[in-house]
Number of protein chains: 2
Amino acid sequence: MANKSYEQYCPVALTLDAIGDRWTLLIVRELLNGPQRYSDLQTSLPGIPPNLLASRLRDLESDGLVERQTLPPPAARTVFALTADGRDLERVVRSLGRWGLRRLPPPEDDGDVEPGMAVRSGLLTFAQPRLADGGDRTWVVIFGDEPYTLFLESGRVRTQRGRVERADVVARIRPAALLRHRVAGEKGARRSRPPVTFLEGSEEKVAEFERVFDLAAPAPSAVTTPR
Amino acid sequence: MANKSYEQYCPVALTLDAIGDRWTLLIVRELLNGPQRYSDLQTSLPGIPPNLLASRLRDLESDGLVERQTLPPPAARTVFALTADGRDLERVVRSLGRWGLRRLPPPEDDGDVEPGMAVRSGLLTFAQPRLADGGDRTWVVIFGDEPYTLFLESGRVRTQRGRVERADVVARIRPAALLRHRVAGEKGARRSRPPVTFLEGSEEKVAEFERVFDLAAPAPSAVTTPR
DNA sequence: CCGAATCCTTATTGATACTG
DNA sequence: CAGTATCAATAAGGATTCGG
């Protein structure tokens, strides 16, 4: 019930009716990392007024993009999670991220780069699941000291905070260095070899990971990013 | 100078800083069809207050997404055109369109469907240039009585209002029927054979056109849309 | 502490009228 | 035609408070 509809028979306008309000897409962006509590959202969206956050969540809920889940009694708390329709906005968020990446100034240091942002903008944005050898995969990446698990399942990559026991690859990545690589490397030559240290994983699995996330060392000649 | 920045070091937030204001992305959507005059924009964006349109165009211009071009003296008028950066927003607009398409109610009749919308949502959204046989192509599609030309150039599809003399294919498409096909056919079975009549073009060129724009007749078994 | 609701101020939008 | 100017209606921002 926030903004008025554009009242146009057009899918773009319709989408903007749903998620075009200020802050809304950033809330979706956060929820793409998995269900979050109200206060999680408040901290990852610095500056959002609490009434707006509540209002946006209500709008998203009544629009079928977010659902409110109450965790079991012991620690009964509410989390907000995307519905299937909401998760489908991932493409939208990614395309926004990809466009913005080339305008983003390179980060100074790791303090500038939230781990969630590093996963999305440094890895997911560039993921090409088709370049995997086939079958499902589980990868763990550790940003600073925050681990994320990436699942390749039926051709799509999904992330989750935290790490699982067994993974095909475990890698440590320095967030700022990764972002610098992406910002600078969006088009044209790569300056530096990407800042990834592999802690676990066979040689083939590591190579596959580098392929899927476009992290391979710079080729001697000009590289055209396939699309 | 419209909305305040989110002040987040994140490419998504940065993009929304640039194009997150109300009406802005709809202006970009229109300009993706080619340069437009102020009054063209007013008519294709019913309801936009003139001061907002002027203000948004100024913002877009100062952000390097739009440039103001003055046509040669005879009929000296100003048109607004996307810069290269602005055109790169096409992916964003497409992803929004694709998401919204499944929420869009099927059109009643051709009067509901603007030709520009039909080109974007009915054709461009589904374009897979890689399925062409290679080389450049020129296709003319006529919606109702409004012709559009689609150019396949170096792997990308570009549109232009009006038609050119020589084309590889000339097709007449009924806008509402096309949209009904897309809305219903987004996932799962196609109901009807797409409403395209070919006026010119060799058999191979027609087949290629159908392939590139995912307009082939429904397959007997379940169709999985490749991606 | 979590998940908001309330209150108030400021900024943006929308509608309409008007001008070079 | 291509915008500006004006002004009322809304939405956002920020601080504080409140109930579980």
Side-chain angles (χ1 to χ4, degrees), chain A residues 1-8 13 16-28 30-31 34-63 66-81, chain B residues 1-8 13 16-28 30-31 34-63 66-81:
Chain A
M1 193 171 292
N3 250 327
K4 241 177 72 180
S5 159
Y6 290 109
E7 313 260 14
Q8 274 188 43
L16 291 175
D17 284 342
I19 48 83
D21 287 345
R22 194 161 161 75
W23 291 108
T24 301
L25 224 29
L26 294 185
I27 295 171
V28 171
E30 289 306 315
L31 293 182
Q36 313 267 335
R37 290 172 302 170
Y38 186 92
S39 49
D40 294 332
L41 292 170
Q42 269 192 316
T43 54
S44 42
L45 300 171
I48 191 172
N51 53 348
L52 264 196
L53 177 54
S55 159
R56 293 295 188 260
L57 286 169
R58 245 181 282 120
D59 293 344
L60 285 167
E61 194 182 357
S62 76
D63 217 346
V66 158
E67 63 188 7
R68 190 178 295 249
Q69 296 171 347
T70 309
L71 300 184
R77 21 192 184 185
T78 317
V79 294
F80 297 90
Chain B
M1 193 174 286
N3 250 324
K4 241 177 73 180
S5 157
Y6 289 110
E7 313 260 15
Q8 275 188 42
L16 292 175
D17 285 343
I19 48 83
D21 286 346
R22 194 162 162 74
W23 292 107
T24 301
L25 223 30
L26 293 185
I27 295 172
V28 172
E30 289 307 316
L31 294 181
Q36 313 266 336
R37 289 172 303 171
Y38 187 90
S39 49
D40 294 333
L41 293 170
Q42 270 192 314
T43 53
S44 42
L45 300 172
I48 190 172
N51 54 348
L52 262 196
L53 178 54
S55 160
R56 293 295 188 260
L57 287 170
R58 244 181 281 120
D59 294 343
L60 285 167
E61 193 182 359
S62 76
D63 218 346
V66 159
E67 62 187 10
R68 190 177 296 249
Q69 296 172 346
T70 308
L71 299 184
R77 24 192 182 185
T78 316
V79 294
F80 297 89

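Protein chains get the first letters and strands the later ones, always in sequence-line order, with residue 1 at the start of each.
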Calculate the interatomic distance between [X] atom [atom1] and [N] atom [atom2]; express it in whole Å.
X	N	atom1	atom2	result
A:Leu16	C:dT13	CG	C1'	16 Å
A:Asp17	D:dA11	CG	P	14 Å
A:Arg56	D:dA11	CZ	P	9 Å
B:Arg68	D:dA2	CZ	C1'	9 Å
A:Gln36	C:dA4	CD	C1'	18 Å
A:Gln42	C:dC1	CD	P	13 Å
B:Leu52	C:dA11	CG	C1'	13 Å
A:Leu41	C:dA4	CG	P	10 Å

N or O in side chain of [X] less than 4.0 angstrom from [N] OP1/OP2:
X	N	result
B:Trp23	C:dG14	yes
A:Arg37	C:dC1	no
A:Arg22	C:dT13	no
B:Lys4	D:dG14	yes
A:Thr78	C:dC2	no

Quick one: [atom1] on [X] to [atom2] on [Y], what's the gap to the nearest 0.5 Å?
X	Y	atom1	atom2	value
A:Thr24	A:Arg56	OG1	CZ	4.5 Å
B:Leu57	B:Leu52	CG	CG	10.5 Å
A:Leu41	A:Leu26	CG	CG	11.0 Å
B:Leu25	B:Leu60	CG	CG	9.5 Å

Would you please classify the geometry between the B:Tyr38 ring and the B:Phe80 ring as parallel, tilted or perpendicular, with 30° and 60° separating the classes? tilted

Quick one: which of D:dA2, D:dG14, C:dC2 gets closest to the side chain of B:Arg77?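 Out of D:dA2, D:dG14, C:dC2, the nucleotide with an atom closest to B:Arg77's side chain is D:dA2.
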
Starting at the 5' end of DNA chain D and moving along, which residue's nearest nucleotide shows up first, B:Asn51 or B:Asp40?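 With B:Asn51 and B:Asp40 compared, the 5'-side residue is B:Asp40.
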
